Protein chains: 2
Amino acid sequence: MNIGEIARRAGVSRSTVSYALSGKRAVSEDTRRKIQRVIDELGYRPNASARALANGRTNTIGLVFPPAGNHYTGMQLDFIGSVVEAAAAHDYDVLLSPSGVDSDRSFQRLLGERRVDGAILMEIRLEDDRVDHLAALGFPSVAIGRTAHPEGTWWVGLDHTALAAACVHHLADLGHRRVAFVNRPAQLLRAGYESAHRGLDGFTKAAAERGLTVRTYCCGDDAASGQECLERILHDDPATSALVTLNEAALGGLYRGLAQAGRHVPRDFSVTGVVAGRWAETVTPQLTAADVPAEEMGRHAVDLLVERIDQPDAPPRHHLLTPPISLRASTGPGPGTASVDAP
Amino acid sequence: MNIGEIARRAGVSRSTVSYALSGKRAVSEDTRRKIQRVIDELGYRPNASARALANGRTNTIGLVFPPAGNHYTGMQLDFIGSVVEAAAAHDYDVLLSPSGVDSDRSFQRLLGERRVDGAILMEIRLEDDRVDHLAALGFPSVAIGRTAHPEGTWWVGLDHTALAAACVHHLADLGHRRVAFVNRPAQLLRAGYESAHRGLDGFTKAAAERGLTVRTYCCGDDAASGQECLERILHDDPATSALVTLNEAALGGLYRGLAQAGRHVPRDFSVTGVVAGRWAETVTPQLTAADVPAEEMGRHAVDLLVERIDQPDAPPRHHLLTPPISLRASTGPGPGTASVDAP
DNA sequence: CACTTCACGCGAACCGGTTCGATAACTGGT
DNA sequence: ACCAGTTATCGAACCGGTTCGCGTGAAGTG
C-alpha cells in the first residue's frame, strides 16, 4: 500500500505515479487513468510522514494554548473550534500544544522537531518570550493578542483598551459614578497578560476622564471566586453601582453574589464587560457586553498564518478588532438618575 | 542541523549518533559525551517526520471531535484539555480532527495518510459507522461513549441510563409527580447519539417505574432554545414541577425561562440533570446534577488508547463511569409535599 | 601465543514519498 | 531522410532518521 506497490500494479515507475498525483509534470491520459484505477481499487493514500519529510512541509499548524491548570473559558473553546475549521479549509491539520509549566519542552517538540509549519499563540503577554523566541528564529507564527512592541510581528488581537473604555463610557453615560473592575486572576496580571493589562489600562484612563470613582479587583477564573469578589466589592464600597469584567468564567459567580446581596440587575446594579456573545446570552439577565468575536479571530489567525507560511518574506500583517457593545439587559440607569418611569 | 551534521562534527557515523540518542546499543561514555556536547551546542532535535517515517510511529493521537456547527459545551472543552494533558504525559501530541459534514475526508487524512497512531472518537452514536470502520481496520481507537454493541471495542463512557434514572429517583423522592426531560437537539437524537438515547431511555423507564407523568423535549444547544423549550414545557403542562436535562448549553436558557415564568428555583420548580461540575456551579441557584467527570474520562481514554497502541493484541477494555449526583441548590420538595417550613 | 569473546563503531539498506536529469518515442518542417 | 522540439516515462538521488550485519581492536582464556 505504498507508492511503489501502486507503480508496480499499474506497470509504471514510482515517479510517474507521483507526477500523476501531483500534476507537476504531464502524464498521458491513458496512464493517469490506469494509475487512478489501481489507486481506487486499493484505497491508496500517500503517507503523510514521508511526504512531509520529502518536501519539508507537514501541513500542520500548532495551536499553543494555555495550560489546563487555568480554567478554559468559552471564548477559548469557540476560538479553538474556528481555528480547526479554518485550517481544514486551507488543508491544514491542527496540533494542540499545551504551553504548560514546561513550555520549553512543548515548544521544542513543535518547532525543534519540525512537527508544524507554523504556530498560533494564545494568551499573549506584554513581554512574551515565546513571541520573541519565534521572531528570532523567523518561524512563522501569529499571536492572539499583541505584545508591548508588536511592530514587525504578526498578530490578531482585540483592542482591550478601547473595549474597556467603551464599557466605562457606557456606564458613565447611564449615570454611574462608582464602578468596579473585575480583572483576570492576579497571577495572570502579574505575569503580564495582555488582555488583563490593556483592559485595566483602558478602564482606568476612561474612568479618570469621566471622573468616576473606581476600584479594581483581580478574580479567579471560576464561579466561586466571582461570588467572593463581588462580596469584596460591596464590602469595600457599598455604594458601587456597576462593574466591568473581563472575566468570563467568573460572570456566573458575580451574578450570584449580586443576587445574594439583594441587588437586582439592572435596577440596582449594572454589569458589563468583554465576553463571548454566546456566553453573554447564557446568563440572566443577558449581559450587555462587547462580544468577543472568537470565530472571526480564529479565521483571521489561520489566514494570516497560512499567508505567512506560503510567503516567508511577506511584510508583517495584523488585525485589531474592536467589536461594538451589544446592548442586552444587564445595564440600566445609575443611582440618582432621573428615569422615565420614575415618579 | 540534521543527524549527519552532528555526526560529522562529532567525528562519528550517523548510526552512532542515533544509537547514542536512543540507547538501543551500547556507546562508549567518551563518544556519547562528545556527541552530546555537539548536540547541546547546536540545539539539535531529531526531525519528527523522518523519525515517524523510519519507525512507523508518529507519536500523535487524533481527537475526532464534533463539527463546529454544533455549539461546543463546557464538558467538551474540559475533555479536550484533559486529553491533551494526558497525552503529553505519555509523550504524545494531539491532532484535532473535525468530524464535520465530510467526515470521510478527515478520516482519510488521519488514518489513510497515517498522521496518527490512534484516535479518540467523541460524540458516539448507537450505530456508529466510524467505530465499525475502525474496528474493521483494526486501527487503535477509543470511543467516548458506547455503541449499541460495544462488545469487543475499546471505550470509556458515562452510564447515561443510570444517571438519568438517578435524576428521576431524586425528583420522585422529593415528591415531584410531573417531570419534563430536556434532551439534546432533535437532529442529534435522530442521528442516534448515544447520550441522547440512553439518557432518554433511563429517564423514561425510571419515570414509569415511579409512576410519574412525563413529557420529553428536544432542545437546541443554546440559551435561546432553552428558554423557548421551557416555555413549551409550561405551556404543554403548567403543572410540571421539575425537569431533568442533558443539555448543558441550554441550561442558562431554561433558568431564564423559569425566571420569566415567575417560577422560583427550587421553591416552585426543581432542575437537575447531567452537566459538567464546573458549569453546574456557574448558574444560580447552583445545579444539583450528576457531574460529568470530563477530566477523568479524558485521562482514561488516553491511557486506554496508549495501552492499545503499545500492545495491539490486548483484549478490549473499557470504563463505564457513574458519577453520583452532587446535591446543590436547584432541587427541592415537590408541590403538595408537607415541608418543614410549611404553615 | 593462538583463540574466543566482547565492546564499539561503521557502512549500507530501508522507511515512502518528491524531484531532477536523461532517454526514448513521436511530431512537424525542410 | 534528417534534425529540432515536444511529450511521456524512467532511474537515481535525496529528505533525515533507524536498524541490521560486519569488522576491528582490546580484553580474557587455556
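Since this is a predicted model, take the numbers as computed values, not measurements. First the proteins, then the strands, lettered A, B, ... as listed; each starts at 1.
Under a cut-off of 6.0 angstrom, the local environment of CZ in B/Arg32 is crowded, with over 12 non-hydrogen atoms contributed by other residues, nucleotides or ligands. Heavy atoms of other residues, nucleotides or ligands lying less than 6.0 angstrom from CZ of A/Arg308 number more than 12.
No N or O donor and acceptor, one from the side chain of B/Arg51 and one from the base of D/dT18, sit under 3.5 Å apart. Judged by distance alone, with hydrogens and angles left aside, A/Arg14 brings no side-chain donor or acceptor close enough to the base of D/dG11 to form a pair under 3.5 Å. For A/Arg25 against C/dG21, a side-chain-to-base donor-acceptor contact under 3.5 Å is present. Put simply, the side chain of B/Ser15 and the base of C/dG11 share a donor and an acceptor less than 3.5 Å apart.
At D/dT18, one or more side-chain N or O atoms of B/Ser18 fall inside 4.0 Å of OP1 or OP2 (strictly under the cut-off). Contact check, B/Asn47 against D/dG16: no side-chain N or O comes under 4.0 Å of OP1 or OP2. Side-chain N/O atoms of A/Lys24 include one lying less than 4.0 angstrom from OP1 or OP2 on C/dT19.
Screening residues 39-51 of chain B for salt bridge (Lys or Arg N to Asp or Glu O under 4.0 Å) gives A/Glu113-B/Arg45 as the qualifying pairs, with residues at least two apart or on separate chains.
Rounded to a whole Å, the CG atom of A/Leu53 is 9 Å from the P atom of D/dC15. Straight-line distance from the CZ atom of B/Arg57 to the C1' atom of D/dT19: 16 Å, rounded to whole Å. In this structure, A/Leu21 places its CG atom 9 Å from P of C/dG17, rounding to the nearest Å. One interatomic measurement links the two molecules: CD1 of B/Ile3 to P of D/dG16, which rounds to 11 Å at whole-angstrom precision. As a whole-Å value, the separation of B/Met1 CE from D/dC15 C1' is 14 Å. Rounded to whole Å, the distance from CD1 on A/Ile35 to P on D/dC10 is 8 Å. Computed from coordinates, the B/Arg33 CZ to C/dC8 P distance equals 13 Å when rounded to whole Å. Distance CG (A/Asp30) to C1' (C/dC26): 15 Å, rounded to an integer number of Å.
Within 4.0 Å (heavy atoms only), B/Thr31 reaches sugar-phosphate atoms of the nucleic acid but no base atom. At a threshold of 4.0 angstrom between heavy atoms, the contacts of A/Ala26 include nucleobase atoms, whether or not backbone atoms are also involved.
Taking only side-chain atoms of A/Ala54, from C-beta outward, the nucleotide of D/dG17, C/dC8, C/dT18 with the closest atom is C/dT18. When distances are taken from the side chain of A/Tyr19 to each of C/dT19, D/dT18, D/dG11, the shortest belongs to C/dT19. Relative to the side chain of B/Thr16, the nucleotides D/dG17, C/dC10, D/dG16 differ in distance, and C/dC10 lies closest.
Looking at A/Arg33 and A/Glu29, a side-chain N of the basic residue comes within less than 4.0 Å of a carboxylate O on the acidic one, giving a salt bridge. Of the charged side-chain nitrogens involved, at least one lies within less than 4.0 Å of a carboxylate oxygen, so that B/Arg8 and B/Glu5 count as a salt-bridged pair. Between A/Arg57 and A/Asp310, at least one side-chain N (NZ, or NE/NH1/NH2) sits under 4.0 Å from a carboxylate O, which counts as a salt bridge.
Checking B/Asn55 against B/Gly11, the closest nucleotide of DNA chain C that is more toward the 5' end is the one next to B/Gly11.
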